[in-house]
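Structure first, then comments.
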Amino acid sequence: MDFNKESQMSCSWYAQIENRLLQLLWHLIHVTIDLCYFPLGIADVLESYLISWGLLGRYKSFNVTKLRYLAIVVDSEEVYRTSKIIKLLQWLEAVGIKHVCLYDNEGVLKKSKDFILEKLDGTILFWDAHENDVLSDRQHMTLEFVSFSDGKEAVVKAANVLFMKYSKSGATDQNQKDKIFTESQMSNTLITVGSGGPKPDLLLVYGPARCHLGFPAWRIPYTEIVHMGPLKSMNYGSLVKAIYKFTMVQPNYGKLFFDLHCCVCKH
Amino acid sequence: MMISLRFAIPTPNTLIPTKTKPKPGLVDQSGLNQTALLSSLPKRCESYKLQAANGRGASVVELPEGLSRELMPKHVAVIMDGNGRWARQKGLPASAGHEAGVKSLREMVELCGEWGIQVLTVFAFSTENWIRPKMEVDFLLSLFERALKSEMESFLRFGIRISVIGDSSKLPTSLQKLINQVEETTKNNTRLQLIVAVSYSGKYDVVQACRSIAKRAKDGRIQLADIDESLIEQELETSCTEYPYPDLLIRTSGELRVSNFLLWQLAYTELFFAQEPWPDFGKEGFVKALSSYQQRQRRYGGRHS
């Protein structure tokens with residue numbers, strides 16, 4: 001019995017030593033990885049400044065036509081930094097972006113739209129340009145202002161329109177229901193209720209959290225989403241870099257995801 | 001991405017340092033004899049971290065440094081992208097990419113169960129994928145069917161509840177029946193809910209919710225005036241879980257989009273886009289994603305989803 005007890009104590013001791021060594025190894029790995037990422041982080045910041053100063057050639061002029069529609073999401077805590085937002089829009093205009101959608105959850109930007117438009121020479125509302133058929137006019141940037149009410153609330157509104165249509169049809173069969181409640185019908189009805197804007201190619205999020213804060217989800221199924229950090233820390237270099245990276249990406253809608261499955265099929 | 005799970009519990013903890021002796025507290029959820037389980041353990045001196053489960057399935061496994069159990073997301077969603085790319089980069093056949101992806105998913109499911117994550121949703125097959133060649137689609141679905149059959153025992157043993165969301169009407173009848181069987185058999189498991197999205201898209205989910213509501217309105221069970229956001233949310237297929245809104249969405253392989261996945265549910269979800277392909281994601285990638293989630297300040301914009 002004593003021998004068993006001693007054996008157990010030895011095993012326990014060895015186990016503790018092993019665990020301590022493993023813990024030390026884990027910490028070393030962590031430190032190594034952190035040391036690797038630190039210079040990368042510094043390089044990233046440095047690159048942003050070099051871009052801002054115009055010292056990196058490839059960022060000075062690049063083709064932005066691929067970026068047909070850009071969305072900007074601003075966190076509700078920073079949405080009152082109107083001067084920052086105007087500066088951001090001026091940068092976007094300087095880069096050559098023609099159509100921008102501004103979003104904040106509570107619609108503060110919507111309420112400030114007249115003030116913002118006033119500060120940006122020649123900028124007009126997207127829907128005004130659309131109605132007047134001047135969207136292709138390369139002289140002006142257009143702005144669209146959306147909020148949470150254009151997201152889920154708009155879908156509810158559109159759904160109610162479809163429900164009324166179904167109810168009035170008097171039909172009870174599945175076929176009729178399937179004809180009325182479809183993705184394309186929902187898309188068309190969203191336009192009818194005033195929330196059917198273009199699908200952004202790129203969405204930049206300015207705020208502490210990496211989420212889109214309720215941007216109309218029906219419009220962003222394949223939108224590239226980039227978190228830019230807080231608005232107060234925004235810089236021109238990071239903005240240009242994000243747009244440049246987007247223009248260099250080859251989108252692979254549908255096929256990319258299914259590549260995941262093609263390898264299964266060949267198995 | 002189809003899954004093939006082989007769980008062997010209890011497992012020796014070779015990475016996470018342990019401080020205590022093993023706690024033989026396995027909660028038997030499958031009717032298996034607990035004594036039989038313990039007696040099958042290899043006799044070793046090392047401390048095993050047995051997967052002790054309480055009523056909600058929380059594990060006593062020590063978390064990696066920097067992670068806090070209190071800040072662990074309840075629901076993690078994953079777009080497992082990059083198996084094919086991984087295989088091509090290594091000069092391997094596509095099947096190797098799939099096998100590596102399965103291993104990665106298995107590891108993630110285990111980690112979720114150990115670290116107290118309640119729900120894991122994985123995007124397996126999109127509605128857009130139906131346009132692929134029929135042979136590919138048929139093979140993929142048959143693979144999913146075989147995987148469900150072979151892993152049933154593991155689901156029960158590990159306490160995993162399986163839910164499948166998506167347009168099942170397009171699936172083969174045999175697969176539909178199997179899905180119903182698996183869901184029914186595992187419905188009382190509480191360790192982890194694994195939601196597999198098959199023939200699913202975010203837009204499909206919203207539209208089918210509207211169809212369900214229309215039927216209820218037609219039947220006189222609700223009035224049209226009652227229809228609001230919460231009613232739609234009740235009818236979404238993710239209402240099969242107590243936590244329908246992911247706290248964290250992970251997409252691997254460098255793509256920065258959600259690809260029509262869980263559109264309604266992602267308004268306040270933390271988005272983590274990892275560069276590495278899915279087979280390389282692993283524990284380290286998951287820890288990074290969880291660390292990012294826990295560290296970053298999360299705001300809901302004044303509304304809680």
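Side chains included, hydrogens not; waters and symmetry mates left out as well; all remaining heavy atoms used. Each chain gets a letter, A, B and so on, in the order its sequence line appears, and its residues count up from 1.
At least one cation-pi condition fails for B:Lys288 and B:Phe272: the charged atom is not both under 6.0 angstrom from the six-membered ring centre and inside a 45 degree cone around its axis. Cation-pi geometry between A:Lys66 and A:Phe246 is met: under 6.0 angstrom from the ring centre, within 45 degrees of the axis.
Contacts of A:Leu202 with chain B are absent, with no heavy-atom separation under 4.5 Å from either backbone or side chain. Neither the backbone nor the side chain of B:Leu249 comes within less than 4.5 Å of any heavy atom of chain A. Of the two parts of A:Val226, only the side chain, counted from C-beta on, holds a non-hydrogen atom closer than 4.5 Å to a non-hydrogen atom of chain B. Heavy atoms closer than 4.5 Å to chain A are found in the side chain of B:Phe273, but not in its backbone. Both the backbone and the side chain of B:Ile227 come within less than 4.5 Å of a heavy atom of chain A.
Classification of B:Arg211 and A:Asp178 as a salt-bridged pair holds, one side-chain N sitting under 4.0 Å from a carboxylate O. Checked for salt-bridge contact, A:Lys152 and B:Glu233 meet the test: a charged N lies under 4.0 Å from a carboxylate O. Classification of A:Asp150 and A:Lys110 as a salt-bridged pair holds, one side-chain N sitting under 4.0 Å from a carboxylate O.
Among the candidates B:Leu271, B:Val207, B:Leu263, B:Ile213, the residue making the largest number of heavy-atom pairs closer than 4.5 Å to chain A is B:Leu271. Chosen from B:Ala214, B:Ala209, B:Ser142, B:Gly254, the residue pairing most often with chain A at heavy-atom distances under 4.5 Å is B:Ala214.
In this view, B:Asp138 and B:Lys134 satisfy the side-chain contact (heavy atoms from CB on, under 4.5 Å) rule, not counting sequence neighbours.
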